[in-house]
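Structure first, commentary second.
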There are 2 protein chains.
Amino acid sequence: MRYHKIPDETVRRLPMYLRGLLLCREQGVRDVSSRKLSELLHISPAQIRKDLSYFGAFGTPGVGYDTAKLAKQIRGILKIDTPNKAALVGLGNLGSALLKYPGFGAYGLQISAVFDNDPGKIGKIVKKVKVEDVSKLSTLKNKNIKLGIIAVPASAAQSVADALVKAGIRGILNFAPFYLDVPKKVKVITIDIAMVLARLPYYLPASA
Amino acid sequence: MRYHKIPDETVRRLPMYLRGLLLCREQGVRDVSSRKLSELLHISPAQIRKDLSYFGAFGTPGVGYDTAKLAKQIRGILKIDTPNKAALVGLGNLGSALLKYPGFGAYGLQISAVFDNDPGKIGKIVKKVKVEDVSKLSTLKNKNIKLGIIAVPASAAQSVADALVKAGIRGILNFAPFYLDVPKKVKVITIDIAMVLARLPYYLPASA
DNA sequence: AGTTGTGAACTTATTCACAGCC
DNA sequence: GGCTGTGAATAAGTTCACAACT
């Protein structure tokens, strides 16, 4: 299967597999079958095997997957085997929460630059990172930072995205409820939290 | 098309259409074609028409869709035409940001109950909502709150989910990196922020 | 016996293309 | 002329089922 195009959905699931494997490791489990992983993540065993097969043959028939080895492989595929630095733009409520969020470390991600346009925030040091003026975004070029996180209001999101692209950013995680127009070479993933929550009432039973 | 099963992907896009329509309304646009909406949201015109057709015929050939009328229809479909109250569990960094997040209003969503297990937070009033002890989750039953937001560490997420379900919650937005085991009647949507960010390096060009 | 890896079958989702309408 | 609504065609994604391996 190694020469096929990789489905987007497969890439979306890879971090989940990694999460499951880390959970196994914590519990001292050395080998895990696609069925056991399936119980943990609620993704079908066939799906797991198929997804992994796009990248190679990592398992042992009759045994399963070596948790440490497979985790390493997946990190390599996702390119998170070496640390990735990210720049955060917008130190409002959400931005501050992201800066303090402890979950990024498990995936080798680190927010190592922060920008805001509020003079009251610029210059402050939060989580060992100095808050800089958004006009200084271009300085990212010299810092080997390829990932950006946008946590500003929708009205400012596009101009921030433009500045990030100009500064050499190649991947953007966008929390603003707005479609960002960027060059094809830049990958954008948008999380619109309100929009996700807005989907839930649809599934509520009719009788309130 | 009215009698088909609705694809999940269609439901996922409905809030986007609503966002596009609100944007049009702000600009004073009365009617919008699927093509104009497409340019705004980057969803194909055919996709937009097909999605809407599952629920009825809302447009006028030669003209497009009346923005106000269609917005109202979509709100009805999503059941957000009347306000929906949500309970937030976990007032850490992320929980606090969510409580202050201004974006929910546009979708008729309101966080009207907050729970935490930190004695230092219980009793405080944030954004006009009094923080209660998580052990009081069962009181939700009397408050007609059907939506829950979980913003607690992964280790506590399942027990919080159990309590929410017991308290009559039927829809959960989960930010903990953990698969939640709940009865089929309860809809869970999980956002694992770190996992989403972890996908970006994959798309970076090989040469750093 | 137990599990992987994978082509084939199936299911789901998207796009095409055009009749019908304004 | 321009647009919607939709069946038909296409593409994408998932599951089946089993040969091959430990």
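Just the heavy atoms: all of them, side chains too, but no hydrogens, waters or symmetry mates, feed the values below. In what follows, chains carry the letters A, B, and so on, assigned in the order in which the sequence lines appear, proteins first and then strands, with residues in each chain numbered from 1.
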Rounding to a whole Å, what distance do you find between [X]:[atom1] and [N]:[atom2]?
X     : N      : atom1 : atom2 : value
A:F58 : D:dC21 : CZ    : C1'   : 18 Å
A:K5  : D:dA12 : NZ    : C1'   : 8 Å
B:R30 : D:dC3  : CZ    : P     : 18 Å
A:I48 : C:dG5  : CD1   : P     : 12 Å
B:E9  : C:dT15 : CD    : P     : 11 Å
B:R35 : D:dG5  : CZ    : C1'   : 17 Å
B:D51 : C:dT15 : CG    : P     : 10 Å
A:Y54 : D:dT14 : OH    : C1'   : 9 Å

Once side-chain hydrogen bond (donor to acceptor under 3.5 Å, both in side chains) is applied, what residue pairs with a partner in [range] remain, sequence neighbours excluded?
range                       : value
residues 165-186 of chain A : A:N174-A:T190, A:Y179-B:H42
residues 22-41 of chain A   : A:S34-A:R49
residues 149-162 of chain A : A:Q158-A:D162

TODO: Could you please name the option among C:dT6, C:dT3, D:dT14 that lies closest to any side-chain atom of A:R13?
DONE: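 Taking heavy atoms from C-beta onward, the closest nucleotide is D:dT14.
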- [ ] From the options D:dC3, C:dT14, D:dG5, select the nucleotide whose nearest atom is closest to the side chain of B:S33.
- [x]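 The closest nucleotide is D:dC3.
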Task: Presence of A:S44 side-chain N/O under 4.0 Å of D:dT15 phosphate oxygens OP1/OP2 - done: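 Looking at the OP1 and OP2 atoms of D:dT15, one of them is under 4.0 Å from a side-chain N or O of A:S44.
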Open item on the list: Can you tell me if A:Q47 touches the phosphate of D:dT15, counting only side-chain N or O atoms and a distance under 4.0 Å to OP1 or OP2?
Closed with: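 Indeed, a polar side-chain atom of A:Q47 lies that close.
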Open item on the list: Enumerate the ring pair (Phe, Tyr, Trp, His ring centres under 6.0 Å) contacts for residues 135-174 of chain B, please, sequence neighbours excluded, ordered by first and then second residue.
Closed with: none
Open item on the list: Regarding A:T10, tell me which of base, sugar-phosphate or nothing describes its non-hydrogen contacts under 4.0 Å with the strands shown.
Closed with: nothing
Open item on the list: Test: salt bridge (charged side-chain N to carboxylate O under 4.0 Å, His left out). Region: residues 190-205 of chain B. Which pairs qualify, not counting sequence neighbours?
Closed with: A:R19-B:D192
Task: Close residues, residues 60-76 of chain B, relative to DNA chain D [heavy-atom separation under 4.0 Å] - done: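 Residues of residues 60-76 of chain B under 4.0 Å from DNA chain D: B:T60, B:P61, B:G62, B:V63, B:G64, B:Y65.
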Task: Side-chain touch B:V152/B:V134, heavy atoms, less than 4.5 angstrom - done: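 The answer is no; the side chains never approach within 4.5 Å.
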- [ ] Assess whether atom NZ of A:K127 is packed by more than 12 heavy atoms of other residues, nucleotides or ligands within 6.0 Å.
- [x] no
Which side-chain N or O atoms in residues 100-116 of chain A pair as donor and acceptor under 3.5 Å with protein atoms at least two apart or in another chain?
from   : atom 1 : to     : atom 2 : distance (Å)
A:D116 : OD1    : A:D118 : N      : 2.9
A:D116 : OD2    : A:L91  : N      : 2.6

Open item on the list: So, using side-chain contact (heavy atoms from CB on, under 4.5 Å) as the criterion, who are the partners of B:P61 when residues are at least two apart?
Closed with: none
Review item, nucleotides 16-18 of chain C N/O atoms under 3.5 Å of protein N/O:
from   : atom 1 : to    : atom 2 : distance (Å)
C:dA17 : N6     : B:R49 : NH2    : 3.3

